[in-house]
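These figures come from a predicted structure and were not determined experimentally.
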Amino acid sequence: MNFSQQLIAFKTIMVKEYLRFIRIWVQTIIPPVITMALYFIIFGQLIGSQIGDIDGYRYMDYIVPGLILMAVITNSYSNVVSSFFSAKFQKNIEEMIISPLPNYIILAGYISGGVARGVTVGITVTVVSMFFSDFQIHSLGITLAVFVLTSILFAIAGLINAVYARSFDDITIIPTFVLTPLTYLGGIFYSIKMLPEFWQTVSMANPILYMINAFRYGLLGVSDIDVTTALVIIVAFIIILFTLALSLLNKGVGIKP
Amino acid sequence: MSVNALKIENLKKTYRNGTVALHGVNLDVMEGDFFALLGPNGAGKSTTISIISSLTNKTTGKVQVFGHDIDQDPATARSMIGLVPQEFNFNIFEPVIEILINQAGFYGIGRKVATQRAEKYLRKLELWDKRFDMAKELSGGMKRRLMIARALVHEPKLLILDEPTAGVDIEIRHSMWTFMREINASGTTIILTTHYLEEAESLCNHIAIIDKGVTIEHTSMRTLLDRLRVETFVLYLEDPLSKAPICGDYPLKLVDSNTLEVGVAHSQTLNEFFHLLSECNIKVLSMRNKTNRLEQLFVTMMRDGNAENYSGVQA
């Protein structure tokens with residue numbers, strides 16, 4: 001396939017994936033928005049009003065970046081894991097495997113679908129958060145970079161999960177037992193400076209901490225982590241996971257007997 | 001020099017659980033051929049097809065599509081193949097036309113051309129009125145036709161049909177046969193697997209039979225059918241008989257008072273037989289082959305376990 005044919009193929013997967021989650025917007029867009037609105041009301045307004053400022057920001061404002069990024073992480077991941085696993089389950093992944101599509105185009109196509117959903121939900125949640133918080137964007141470049149890079153990273157992670165998954169249970173195990181705890185412990189609701197020194201050190205091993213803090217820096221200008229270090233870590237994870245995912249697709253793991 | 005549409009040499013496949021599906025399959029399919037790939041359930045037909053179309057990794061062996069090795073030049077080889085698999089494998093939640101346009105997109109065909117081709121093949125396969133329906137809403141026969149349309153949308157040179165008419169009613173099956181003949185006549189090489197042996201006999205020029213993961217027969221349909229030395233015909237009589245008559249050296253058997261069976265060797269003619277029946281004042285209302293010829297050969301080959309033991313079979 002020449003470059004223009006590859007571009008057509010990429011656009012085909014991207015549009016197909018976009019239409020997939022838009023078609024079922026009641027399941028894909030609305031629930032995370034409602035969940036985040038409840039977080040804003042309960043943790044931000046009701047409980048947050050009883051908590052003092054953190055790093056000079058109201059508690060409501062402080063948790064907004066983390067909650068937006070949590071929506072991005074969850075939706076990028078779940079879009080790809082459910083879409084790719086469904087394609088495996090219904091066997092329509094074979095439509096791509098028998099075609100001359102290179103595997104990196106398949107991978108890029110699914111990532112683009114994950115990013116599209118992550119960004120769509122992220123923007124929607126951001127709009128909702130404006131009803132509760134009047135934050136100003138500190139650095140648009142860093143905000144957008146973290147927004148998109150995080151989305152890419154978790155879209156790839158979702159695909160790797162789907163490659164290994166053999167049942168619908170397998171696509172919920174990682175989000176439930178790994179992703180959610182890491183996200184909640186990644187500093188959405190608190191600054192790690194509030195933790196004892198030991199737990200601060202332990203928290204540094206959580207990659208999601210870097211993303212949330214970098215995103216918080218982009219929006220509010222405050223972070224527990226050096227932003228450059230955070231960006232380097234996110235990009236490094238993307239490179240590692242992309243290479244792993246491509247290698248799995250090339251070997252046909254979970255797809256070809 | 002003409003290139004084979006498909007060339008398979010010593011293809012072997014052992015699955016991870018140790019099951020050996022293919023022990024060494026060899027196939028040559030000429031360009032433009034209508035080729036039957038037959039075998040009992042579990043013989044290795046679908047594994048062979050899956051390897052040709054890159055859905056399964058082979059263990060060893062060589063597969064070339066129009067001279068392009070599936071390992072060394074996979075993209076070119078794949079671009080020449082259209083596959084209609086045995087099981088439905090489209091997204092049931094997508095509209096029919098989107099399934100075709102997306103499939104074309106995977107081959108790098110732009111949306112405008114893809115839409116034109118989707119219309120062409122959906123009309124040919126009588127699915128145009130259903131183009132905006134979700135695939136899950138189609139009947140079984142329509143789903144089969146959708147998979148044929150999808151396999152053709154990138155206009156492959158080699159079309160592989162894995163039991164395309166399974167579960168399809170007779171009327172639609174016949175219209176699909178006509179369509180397949182048209183596609184073949186336009187230059188597309190077709191490989192067909194089917195359990196309807198009448199279908200294979202009617203459509204195909206060459207045939208290979210796989211059993212237990214090896215090719216046990218690979219020849220032209222005519223050569224294979226010529227090996228039937230005797231065909232059995234069933235005759236329906238106007239007047240009842242009490243016992244089988246004697247008509248020259250034709251073996252006759254009275255099935256019931258109005259039904260006779262006769263074995264006619266290739267060296268004999270039906271004219272001579274009917275002449276003898278007339279002399280005996282026996283009037284025939286109608287007649288038919290007792291069984292489909294290919295079916296009889298196939299059953300005997302599977303029963304005897306090899307290709308050499310069936311040449312004397314009587315239908």
Side-chain angles (χ1 to χ4, degrees), chain A residues 1-28 82-110 112-113 166 248-257, chain B residues 13-17 19 21 46-47 49-58 68 73-95 98-114 134-136 147 150-151 153-154 156 160:
Chain A
M1 287 182 103
N2 59 35
F3 179 74
S4 70
Q5 287 173 320
Q6 289 190 13
L7 199 61
I8 289 170
F10 170 72
K11 274 166 59 184
T12 302
I13 305 174
M14 188 173 73
V15 171
K16 180 181 152 82
E17 285 300 294
Y18 180 76
L19 291 176
R20 190 194 75 85
F21 78 80
I22 290 295
R23 216 175 267 143
I24 48 170
W25 62 276
V26 176
Q27 295 170 45
T28 52
S82 63
S83 177
F84 196 85
F85 181 72
S86 296
K88 266 176 60 173
F89 188 75
Q90 289 195 78
K91 291 180 176 272
N92 57 293
I93 190 73
E94 293 178 357
E95 292 175 340
M96 293 182 202
I97 296 172
I98 63 168
S99 77
L101 265 176
N103 285 325
Y104 58 82
I105 295 290
I106 297 178
L107 184 53
Y110 272 94
S112 70
R166 291 183 175 188
L248 293 172
L249 290 181
N250 287 340
K251 287 177 187 164
V253 175
I255 303 167
K256 292 186 186 184
Chain B
K13 173 63 185 177
T14 304
Y15 286 103
R16 289 190 188 104
N17 63 6
T19 306
S46 292
T47 300
I49 286 171
S50 292
I51 292 171
I52 297 166
S53 47
S54 303
L55 291 174
T56 296
N57 292 323
K58 62 185 167 58
H68 300 279
D73 192 3
T76 311
R78 286 180 205 170
S79 68
M80 294 177 167
I81 298 173
L83 174 67
V84 179
Q86 206 175 105
E87 293 174 37
F88 301 131
N89 71 340
F90 42 76
N91 186 345
I92 57 170
F93 300 108
E94 276 181 5
E98 283 300 318
I99 290 174
L100 264 67
I101 292 171
N102 286 340
Q103 186 68 27
F106 300 150
Y107 288 79
I109 297 164
R111 197 167 178 90
K112 190 180 168 192
V113 176
M134 292 286 174
K136 66 177 178 175
M147 293 208 295
R150 185 187 59 180
V153 78
H154 64 285
I160 301 173

Practice item. On the 0 to 90° scale, with breaks at 30° and 60°, tag the B:Tyr107-B:His154 ring pair as parallel, tilted or perpendicular. Key: parallel

Study note, to complete from the structure: Shortest non-hydrogen pair, A:Ile13 vs A:Ile105, comes out as CD1-O, 3.8 Å

Under 4.5 Å heavy-atom distance to chain B, tell me which part of [X] shows up: side chain, backbone, both or neither.
X	answer
A:Lys251	backbone
A:Arg20	neither
A:Gln90	both

Check your understanding: Should B:Thr56 and A:Lys256 count as side-chain neighbours, where that means a heavy-atom distance under 4.5 Å?
Key -> no

Given a strict heavy-atom distance threshold of 4.5 Å, which part of [X] is in contact with chain A: side chain, backbone, both, or neither?
X	value
B:Phe93	both
B:Arg111	neither
B:Phe90	both
B:Ile92	both
B:Ile81	neither

Check your understanding: Only one of A:Tyr104, A:Phe84, A:Tyr18 forms a ring pair (Phe, Tyr, Trp, His ring centres under 6.0 Å) with A:Tyr110, so which one is it?
Key -> A:Phe84

Exercise for review: Calculate, to the nearest 0.5 Å, the distance between atoms CG and OG belonging to B:Leu83 and B:Ser50 respectively.
Suggested key: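 The distance works out to 7.5 Å.
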
**Study point:** Residues A:Glu95, B:Arg78: salt bridge by 4.0 Å N-O rule
**Key:**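 Here A:Glu95 does not pair with B:Arg78 in a salt bridge, since their nearest N and O are not under 4.0 Å apart.
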
